[in-house]
Amino acid sequence: MAKPAQGAKYRGSIHDFPGFDPNQDAEALYTAMKGFGSDKEAILDIITSRSNRQRQEICQSYKSLYGKDLIADLKYELTGKFERLIVGLMRPPAYCDAKEIKDAISGIGTDEKCLIEILASRTNEQMHQLVAAYKDAYERDLEADIIGDTSGHFQKMLVVLLQGTREEDDVVSEDLVQQDVQDLYEAGELKWGTDEAQFIYILGNRSKQHLRLVFDEYLKTTGKPIEASIRGELSGDFEKLMLAVVKCIRSTPEYFAERLFKAMKGLGTRDNTLIRIMVSRSELDMLDIREIFRTKYEKSLYSMIKNDTSGEYKKSLLKLCGGDDDAAGQFFPEAAQVAYQMWELSAVARVELKGTVRPANDFNPDADAKALRKAMKGLGTDEDTIIDIITHRSNAQRQQIRQTFKSHFGRDLMSDLKSEISGDLARLILGLMMPPAHYDAKQLKKAMEGAGTDEKALIEILATRTNAEIRAINEAYKEDYHKSLEDALSSDTSGHFRRILISLATGDREEGGENLDQAREDAQVAAEILEIADTPSGDKTSLETRFMTILCTRSYPHLRRVFQEFIKMTNYDVEHTIKKEMSGDVRDAFVAIVQSVKNKPLFFADKLYKSMKGAGTDEKTLTRIMVSRSEIDLLNIRREFIEKYDKSLHQAIEGDTSGDFLKALLALCGGED
C-alpha cells in the first residue's frame, strides 16, 4: 500500500486487508477460476479488498502453489471492462502506468489524453519508477518511444516531465517568483508570437509551491489567470498538456475529479479513463477526489458511477470508490463517524473569538477629526488617510470621531465621506462608520428594497447574529425606517421561509446548555421531517413547525447535542441530509443555521471564498462580512479560510480586488497568514 508522506494522513480508499493470508487468497482465486465459468463475485471481492502490495504477494503465492501466472489466468477467465479493471489492479502502479502509456502510443494514432493525464500528474518518484517499469516490461526506452510518437512543443514538454526532475524545495524565493512571472508575461502576452521554451522550462521544472505563488502573482500583475494566457498563446495538444500541468500544480485531486466527471457525463462512458483513474488513485488520494467531486458537482462520485456502469464492473468500481458521500449511513459509515466527531469537537471546543480591528492606542478623536477634514478639503481627496484612520479605529472610537467632527466643523462626517469617495470603497468606509446594529439594519433594508429580494443576505445576517445583536438590530430598524423588522419581513417574504426569518428575528433563542432527553426527541423530529426515520409518525405540518422551532429557538449547545444524536439515530449528518431532502430558501436558511452552530467562523470563511471565486466578485457580500466581523471573529475566519482553502484570506483579496478598495479590505483583514 502506498505510504503517505511523513506526517500526512492516508487519503486512499483501499487499505491493507486485516488478517491477510496470501496463500488462502491464492487458493480462493484458483477455485473461483476452476472448471466451467468463473466466480466473478469472489474474484472482485478479493482483489478490490486488498492493497496493491498484498496483491503482489497473492501473485507470488499463486505461482508457488500452482505454477501458473495469476494475471494470465485472470485475462483468460474475464473479459471486457471488468477484465481491464481487475488486471490493472493486479499490476504494480508503475507497471500499470507503463502499460497505459504503451497502449497509448501503440498502433495507428496516439491517445494524447492518456499521455497528458499520466505525465502531468505523477511525482518525481512515480516518474522514475514508471521509466524503469517500462524498460523492464517492454525492453524499450520510454523517452525514445514518446519522441518517436509525438512532435513539436508537445513532445518537448512530455520529455521534460518524463525526467522527473521537478524541484521539490518548499523554500520559495520571492525574487525568483517575480522573475518567472515577468518571464512568462514577456514570453506570451508581451511578445509577438510566443516563446514556448520559457513556458516549458518554468512549468516543467519549478516546484509546486513555487508555481502556486507564480500563478497568484501572475494574476495580480497581468489581471488574468495563467490559464487564460495559456489558452490565448498556445494551441492543440501542447495547450491541453500545459493546462493539465497547471491544474495538477493547483490541486491534483481536483484535476482527477474533473477527469472522472467528464468521463461519465453525457452519452457514453470513457471507460479507459474511468478505470485508469480509479485504479491509480485508489491508494493515493481517492478520498480527496471524492470530497472535491461532491462539492464541485453536487453529487457523489459513487452515485455517478452507480448510474453510469453495470454488473461486476460497477461493483468493482464502487469498491474502489470506497463509499457514497450522498448516503453517509448506507454506504459510507466512516463519513457519519467523521461528522459525529466534528460535532463532538464543536461541542467541546472553547475557541476565543478575536477580531482584527481593536481600539487604537493613544486614541485622539480631535486629531483624527482634523486629519479627516484635511483629507477631504480642497481639490482631490486623500483616500489613504481616510482608509488608515477609519480601518484602524474600533467602532466605538469611530462614533467619537463623528461627534468630534460635528463639534469642530459643524458638518456631518458621513455626508462629507459620501461626497468625497464612491463605489466599493464608499460602501466599505460608510459601513464601518455606522454602529453595527444600524449597519445590519441597513443591509436587511437593502436586501428587501426594490424588485426582488436578496434572500442570501437575509439568511446570512439573521441566522448568525446573537440574541443581543438581533434585539439591537430590531431597535435600529425601527429607529431608522419607522417600521418593525417583522413587518418588513412579512411583506417581502412568504411561506415557510418567512416563518423561519421572523422566528430568527425575534432574538429569542434559548441560551442554556443541553438537555439530553429533549435532544433525543428533537433528533427524532428531525429524522421524521427529513424522511429518514424508521417509523415516521405524526402530522407533517406539525412536524415542520416543530423542526423550525428546534432550529430557530434551541440553544447552540443543545443543537450540537441534537445533531450528534441525529447521527447516532440515523447514521446521517443533518447538514448533508437537509441539503439533499430540502430545496430553495428554506434549505439555505436551515443549512446556514446548522453551519453557524457547527462553526460560525468557517461559515463566514466559506461565504468569503464564494464571493471571490470564479468570474467576477460579489463585492456586497465581501464588504458586508469584512465590516460586520472585523471586531468579532475575523481573525478566526482568517484561520478557517487558510486551513480549508490552502491560501490566505489576504491572498484571496489581493488576487480579486484592486485600488483603494483593496487597501481598505487588507487593512481590515489585519495581516497575512
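Residues Asp169 and His210 are not in side-chain contact: their nearest non-hydrogen atoms beyond the backbone lie 4.5 Å or more apart. Met264 places a side-chain heavy atom less than 4.5 Å from the side chain of Leu274. A 4.5 Å side-chain heavy-atom check between Tyr10 and His15 finds at least one atom pair inside the cut-off. Side chains of Lys247 and Glu254 form no contact here, defined as non-hydrogen atoms less than 4.5 Å apart. Contact check for Arg250 versus Glu227: side-chain heavy atoms found under the 4.5 Å cut-off. With contacts defined as side-chain heavy-atom distances shorter than 4.5 Å, the pair Leu284/Gln126 qualifies. Counting heavy atoms from C-beta outward, Leu74 and Glu83 have side chains that stay 4.5 Å or more apart. Side-chain contact between Asp424 and Thr657 is absent, with no heavy atoms from C-beta onward closer than 4.5 Å.
Checking side-chain atoms of Asn124 against main-chain N and O of Arg166 turns up a donor-acceptor pair under 3.5 Å. In terms of modelled atom types and a separation under 3.5 Å, the side chain of Arg290 and the main chain of Cys321 share a donor-acceptor contact. For Arg55 (side chain) and Arg50 (main-chain N/O), a donor-acceptor pair under 3.5 Å exists by modelled atom type. Between the side chain of Thr623 and the main chain of Leu428, no donor-acceptor pair closer than 3.5 Å is present. Ser316 places a side-chain N or O within 3.5 Å of a backbone atom of Glu312 that can act as its donor or acceptor partner. Without hydrogens or angle criteria, Arg638 side chain to Ser648 main chain gives no donor-acceptor distance under 3.5 Å. Arg259 places no side-chain N or O within 3.5 Å of a backbone atom of Thr273 that could act as its donor or acceptor partner. At least one donor-acceptor pair under 3.5 Å links the side chain of Asn205 to the backbone N or O of Tyr201.
Under the side chain to side chain donor-acceptor pair (under 3.5 Å) test applied with Gln595, the options Lys600, Lys607, Glu575 reduce to a single match, Glu575.
Residue Leu85 holds its CG atom at 8.5 Å from OG1 of Thr48, rounded to the nearest 0.5 Å. To the nearest 0.5 Å, the span separating CG on Leu158 from CD1 on Ile118 amounts to 11.0 Å. A distance of 5.0 Å separates CD in Glu117 from CZ in Phe256, rounded to the nearest 0.5 Å. If you take NZ on Lys102 and CD1 on Ile105, they are separated by 6.5 Å, rounding to the nearest 0.5 Å. The NE2 atom of His650 sits 10.5 Å away from atom CG of Leu665, with the distance rounded to the nearest 0.5 Å. For the atom pair NZ (Lys315) and CD1 (Ile305), the distance works out to 15.5 Å, reported to the nearest 0.5 Å.
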Query raised in the report: Step by step, would you call Lys220 with Glu217 a salt bridge (charged side-chain N to carboxylate O under 4.0 Å, His left out)?
Result: CA-CA 5 Å; Lys220 284 188 278 184; Glu217 199 61 37; 3.3 Å; yes
**Report entry** Audit row: Thr222, Leu184, side chain to side chain contact (heavy atoms under 4.5 Å, CB included) steps and yes/no
**Finding:** CA-CA 10 Å; Thr222 68; Leu184 287 170; over 6 Å; no
Report task. Run the numbers on Val245 and Leu211 for side chain to side chain contact (heavy atoms under 4.5 Å, CB included), then give the verdict. Result -> CA-CA 11 Å; Val245 169; Leu211 285 172; 5.7 Å; no
Requested in this report: Output, in order, the C-alpha distance, side-chain angles, deciding distance and verdict of side chain to side chain contact (heavy atoms under 4.5 Å, CB included) for Phe604 and Glu460.
Outcome: CA-CA 9 Å; Phe604 284 114; Glu460 178 200 304; 4.0 Å; yes
Requested in this report: May I have the step-by-step check of side chain to side chain contact (heavy atoms under 4.5 Å, CB included) for Glu233 and Met242, ending in yes or no?
Outcome: CA-CA 11 Å; Glu233 298 297 325; Met242 298 305 258; over 6 Å; no
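A donor atom on one side chain and an acceptor atom on the other are found under 3.5 Å apart for Asp16 and Ser51. Thr269 and Lys81 share no side-chain donor-acceptor pair at under 3.5 Å. Between Ser229 and Lys224, the side chains place no donor N or O within less than 3.5 Å of an acceptor N or O (distance only, hydrogens not considered). Counting only N and O atoms by type, the side chains of Asn52 and Glu283 include no donor and acceptor under 3.5 Å apart.
We find that Lys99 and Asp103 are joined by a salt bridge, their nearest charged nitrogen and carboxylate oxygen being less than 4.0 Å apart. Salt bridge annotation for Lys262-Glu258: present, with a cationic side-chain nitrogen under 4.0 angstrom from a carboxylate oxygen.
Across Glu640 and Leu602, no two heavy atoms sit closer than the pair CG-N, 3.8 Å. Considering all non-hydrogen atoms of both residues, Leu301 and Phe293 come closest at N-CD2, 3.5 Å. The shortest heavy-atom contact between Cys96 and Val279 is SG-CG1, 4.1 Å. The minimum heavy-atom distance linking Asp288 with Arg11 is given by the pair OD1-NE, 2.8 Å. Across Ala120 and Leu241, no two heavy atoms sit closer than the pair CB-CD1, 4.3 Å. Taking each heavy atom of Asp656 and Ser611 in turn, the nearest pair found is OD2-O, 4.4 Å.
Residues satisfying the side-chain hydrogen bond (donor to acceptor under 3.5 Å, both in side chains) criterion with Asp618, sequence neighbours excluded, are Thr621.
In the displayed structure, Lys456 atom NZ is contacted under 6.0 Å by at most 12 heavy atoms of other residues, nucleotides or ligands. At most 12 non-hydrogen atoms from other residues, nucleotides or ligands lie less than 6.0 angstrom from NZ of Lys113. In the displayed structure, Gln163 atom CD is contacted under 6.0 Å by more than 12 heavy atoms of other residues, nucleotides or ligands.
Judged as a ring-ring contact (aromatic ring centres under 6.0 Å, His included), the pairs with a partner in residues 220-243 (not counting sequence neighbours) are, in order, His153-Phe238. Applying the salt bridge (charged side-chain N to carboxylate O under 4.0 Å, His left out) rule to pairs touching residues 139-148 yields Arg140-Asp145, sequence neighbours excluded.
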